[in-house]
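Below is one structure, written out as structure tokens; comments come after it.
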Amino acid sequence: MKKNPLFFLSVLLISGSFLYSQNYKSDYKPFHGASLPVINIDSHSKNEDFVTKPLSYGVKKQMLTWGQTSSKPDPWYEDCSISITDENGQAFMDKALARVKVRGNWTSSYDKKSVRIKFQEKQGMLGLNGGEEFKNWVLLSSYKDWSMLRDFTAQYISKLISPYYSSDCRLVEVYINKKYWGVYLLAELQEVSKNRINITKPKGKYEGTDIGYLLEHDSYYKYEDPADTFILNYQLPIKDIEGKEASEKLLIKGFTIKSDLDSPKQRDFIENYMTLLWKLCYEAAYNNKFYKFNDEKSALIPSEAKDCLQCISPVIEVDSLICMYVLSEIYCDADLYWTSFYMDLDLGPEGKGKLTFEAPWDFDSALGNKNFCSDGKGYYAARLGYDTDLHNYGTCNPWMMIFVSCDWFQALVKEKWKQVQEAEVCKKIVDNIHFISNQYEEAFKRNQKRWKNAGQAWRFGTELSKEAAACKSQKQAADFLATWLERRFTGLDQLWGQ
């Protein structure tokens, strides 16, 4: 890999040809009322089976590989009416028609399940995303995360660090058919929309390939419709920051296409495009060979680029790559290698035509809750790790690792980290954790009375880290989360501090 590229980097920054947001600082501040808003979900059948009995189809298929079976039904939509009172007890929504179902994969196996809300008509939800209206929203249960703050905290960190899309969210209390159902995190659905993931949507039955593609790096792809999935056979070897080679058998190669497609041609196109894009990145990073796409974006041809960064900048939104990598190192998410990792590509007439990393998601296993980087030290996303059960070593997220040994990549990471530290991101999020835990103490107690999960580590086998498993209440779990984050920021500062 080419060394001493910092002169080239400085030329790019001075010339303005590289769009990395060097001066980006978010002024986002989460809103916290005196009490939590209340969402009332009333099923027209007056039955709660739709939120108690279902189990994800993917989980049931996965269980079969272990010799286990389940008679639980797949999730289904139930007709409901939804009413909301805000933090002041004032009516916000009155009996809006919606369909509600259990959502998620492994989380669908928990007693307290996350749900998806699909309104009949677009609705704003308690001022989230600037009050924009959408049909689709989600309620995350945080059953395994006794602090109930990891998903919230992860989205908050993203908004402080990255200018790209991340879900707005807010804690609420939920009742179903007048029965108390606990504290949930109201969040946005990861979907293509002008005010969410803003990429080109095909109009009508359009079969052209110049559209937007929302992709999820997803171990559950094999349980989805094959028309909406593809395999990316990564060019190998992939080496981590210590020079160790990833195990091919542990790499997740499947992707689920989360945006709408109107033609098999579009699915075939994005599969070929992503395979070629990986080759372009791999050859630039590992072999100093530089390519670009032909006009039809169907093949690679030689590029005039002189360096890896110059080669990939026309096809990768490098700023988003840096932001997502820094976030991934902070999160230490056990799912990073497996699922819920999003990227998108907009090849529409007004699209950037660059692979963009945004929409971080699913962090109940992150931030010290499981035995992944539990001491907060060292690299995580840049170093090979273990599978989700900590049995097999040698896996990674290829997109977070491909450039980690490039000098230009590390220079940009250190510059981004400098901004993070100057903005006192760690202090903001830790202060927020303590504030929420104290402000809504009674609500968290009601949730614990309803579900009795905090302190019950046996429910999760050996999943939880030793310190997380030792917590006996939401307050203790929140204190541990804050302590772990301080530990993690110190560890990263030892790697990237100037």
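No more than 12 heavy atoms of other residues, nucleotides or ligands lie within 6.0 Å of NZ in K265, so this atom counts as exposed by the packing criterion. Atom CD of E248 has 12 or fewer heavy atoms from other residues, nucleotides or ligands within 6.0 Å. Under a cut-off of 6.0 angstrom, the local environment of NZ in K46 is crowded, with over 12 non-hydrogen atoms contributed by other residues, nucleotides or ligands. Within a 6.0 Å sphere centred on OH of Y386, other residues, nucleotides and ligands contribute 12 heavy atoms or fewer.
Interatomic distance, CD1 of I117 versus SG of C80, reported as 8.5 Å (0.5 Å rounding). To the nearest 0.5 Å, the span separating CD on Q123 from CD1 on I82 amounts to 9.0 Å. One distance of note links CD of E317 with CD1 of I322; it measures 11.5 Å at 0.5 Å rounding.
By the 4.0 Å N-to-carboxylate-O rule, K135 lies too far from E191 to be salt-bridged with it. A salt bridge does not link K53 to E48: none of the charged nitrogens lies less than 4.0 Å from a carboxylate oxygen. Under a 4.0 Å N-O distance rule, the pair E424/K428 does not qualify as a salt bridge.
Counting heavy atoms from C-beta on, the side chains of I252 and D218 never come closer than 4.5 Å. You'll find the side chain of L36 stays beyond 4.5 Å of the side chain of E87, heavy atoms only. Looking at heavy atoms from C-beta onward, S158 lies out of side-chain contact with Y164 at the 4.5 angstrom threshold. For the pair V172/V38, no side-chain contact is recorded, criterion being any heavy-atom separation below 4.5 Å from C-beta on. Between N432 and V430, every side-chain heavy-atom pair lies at or beyond the 4.5 Å cut-off. Side-chain contact between M324 and F341 is present, with heavy atoms from C-beta onward closer than 4.5 Å. When side chains are defined from C-beta on, C373 counts as touching R488, because their heavy atoms get closer than 4.5 Å. With contacts defined as side-chain heavy-atom distances shorter than 4.5 Å, the pair Y440/V183 does not qualify.
There is no side-chain donor-acceptor pair under 3.5 Å between K113 and T107. With no hydrogens or angles considered, a side-chain donor-acceptor pair links N129 and E188 at under 3.5 Å. For the residue pair D333 and Y380, no side-chain donor N or O sits within less than 3.5 Å of a side-chain acceptor on the partner. No hydrogens or angles considered: nothing links the side chains of S83 and N40 as a donor-acceptor pair under 3.5 Å. For the residue pair N195 and S193, no side-chain donor N or O sits within less than 3.5 Å of a side-chain acceptor on the partner. Side-chain contact of E78 with S45: a donor-acceptor pair under 3.5 Å is present, judged by distance alone. Side chain to side chain, E329 and Y325 meet the donor-acceptor criterion of an N or O pair below 3.5 Å. Remark: the S162 side chain and the E358 side chain contain no N/O donor-acceptor pair separated by less than 3.5 Å. A side-chain N or O of D210 and one of Y206 form a donor-acceptor pair less than 3.5 Å apart. For the 3.5 Å distance criterion, the side chains of N136 and R116 qualify, holding a donor opposite an acceptor. For the residue pair K144/N453, the side-chain donor-acceptor check at 3.5 Å is not satisfied. No hydrogens or angles considered: nothing links the side chains of H217 and T339 as a donor-acceptor pair under 3.5 Å.
Aromatic ring centres of Y221 and F255: separated by at least 6.0 Å. Between Y273 and Y213, the ring center distance fails the sub-6.0 Å criterion.
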Taking it one step at a time, do K60 and D74 satisfy salt bridge (charged side-chain N to carboxylate O under 4.0 Å, His left out)? CA-CA 9 Å; K60 285 186 288 187; D74 294 343; 2.5 Å; yes
One pair to check against salt bridge (charged side-chain N to carboxylate O under 4.0 Å, His left out): E442 and R446. What are the steps and the verdict? CA-CA 6 Å; E442 294 306 313; R446 288 191 289 272; 5.3 Å; no
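With hydrogens and angles disregarded, no donor-acceptor distance shorter than 3.5 Å links the side chain of R459 to the backbone of Y110.
When the options Y184, F460, W181 are evaluated for a ring-ring contact (aromatic ring centres under 6.0 Å, His included) with Y143, the one that passes is F460. Screening L232, N272, I270, I316 for a side-chain contact (heavy atoms from CB on, under 4.5 Å) with L277, the sole residue that qualifies is I316.
Ring geometry, Y180 versus Y175: the interplanar angle exceeds 60°, so the pair is classed perpendicular (tilted spans 30 to 60°). Ring orientation note: the planes of F357 and W399 are tilted relative to one another, at an angle of 30° to 60°.
Relative to the ring axis of F134, R196 places its NZ or CZ within 45° and under 6.0 Å from the centre. Cation-pi contact between K159 and Y28: present, with separation from the ring centre below 6.0 Å and deviation from the ring axis of at most 45°. Under a cutoff of 6.0 Å and an axis angle of 45°, K101 and Y77 form a cation-pi pair.
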Enumerate, atom names and distances included, each donor-acceptor pair closer than 3.5 Å involving a side-chain atom of residues 342-350, sequence neighbours excluded.
| unit_1 | atom_1 | unit_2 | atom_2 | d |
| --- | --- | --- | --- | --- |
| D346 | OD1 | T200 | N | 3.4 |
| D346 | OD1 | T200 | OG1 | 2.8 |
| D346 | OD1 | G348 | N | 2.9 |
| D346 | OD2 | T200 | N | 3.2 |
| D346 | OD2 | T200 | OG1 | 3.3 |

